[in-house]
Amino acid sequence: MKYLFAGAAGLLLAASVGLAGSANDLPANKALVEQFFRAVESRAKQTVSKIVREDYIQHMPNIPSGRAAILNYIDMMAPKGQGVMPKFA
């Protein structure tokens with residue numbers, strides 16, 4: 001699961017330019033990625049829906065691309081308990 005998050009972090013940073021304002025706005029981009037991780041970890045699907053674009057590209061081979069796929073992934077992992085929140089530098 002931590003590999004899902006690692007891949008998602010890079011994608012969110014790349015896709016968040018419009019949301020955070022600038023690709024060079026590191027604090028805003030890091031905050032968005034942390035918000036994504038917290039939303040997935042807490043199963044906050046409404047928040048994930050607001051953060052993740054419909055055309056989200058997932059780089060994990062076992063998880064399809066798209067917002068619906070990440071929301072389905074949350075449903076699949078829900079009974080298994082929380083994962084491990086990544087450490088941010």
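Heavy-atom basis, side chains included; hydrogens, waters and symmetry copies ignored. The structure presented is a predicted model; accordingly, all values stated were derived computationally and were not measured.
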Undergrad: Find the distance between CD (Q58) and CD1 (I70) and round it off to the nearest 0.5 Å.
TA: 5.5 Å
Undergrad: Quick one: closest heavy-atom pair of S65 and I57, and the distance?
TA: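 Where S65 meets I57 most closely, the heavy atoms are OG-CA, 3.6 Å.
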Undergrad: Report the residues that fulfil side-chain hydrogen bond (donor to acceptor under 3.5 Å, both in side chains) with D55, sequence neighbours left out, ordered by chain and then residue number.
TA: R53
Undergrad: Answer yes or no: is there an ion pair linking E34 with R38, defined by an N-O contact shorter than 4.0 Å?
TA: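 Here E34 pairs with R38 in a salt bridge, since their nearest N and O are under 4.0 Å apart.
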Undergrad: Kindly write out the residues that satisfy side-chain hydrogen bond (donor to acceptor under 3.5 Å, both in side chains) with E54, not counting sequence neighbours, or none if the list is empty.
TA: R67
Undergrad: First locate atom CG of N62, then atom OH of Y73, and finally report the distance between them rounded to the nearest 0.5 Å.
TA: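 Those atoms lie 9.5 Å apart.
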Undergrad: For the NZ atom of K50 and the CZ atom of F36, what is their distance to the nearest 0.5 Å?
TA: 15.5 Å
Undergrad: With a 4.5 Å limit on heavy-atom distance, are the side chains of K30 and V33 in contact?
TA: no
Undergrad: Could you go through D75 and K45, starting from their C-alpha distance and side-chain angles, then the distance that decides it, and tell me whether this counts as salt bridge (Lys or Arg N to Asp or Glu O under 4.0 Å)?
TA: CA-CA 9 Å; D75 289 338; K45 290 173 63 174; 2.9 Å; yes
Undergrad: With sequence neighbours left out, write down each residue that passes side chain to side chain contact (heavy atoms under 4.5 Å, CB included) with A44, or none if nothing qualifies.
TA: A39, S42, T47
Undergrad: Where is the tightest heavy-atom contact between P64 and A69, given as atom of each residue plus distance?
TA: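 Closest pair (atom of P64, atom of A69, distance): O-CB, 3.1 Å.
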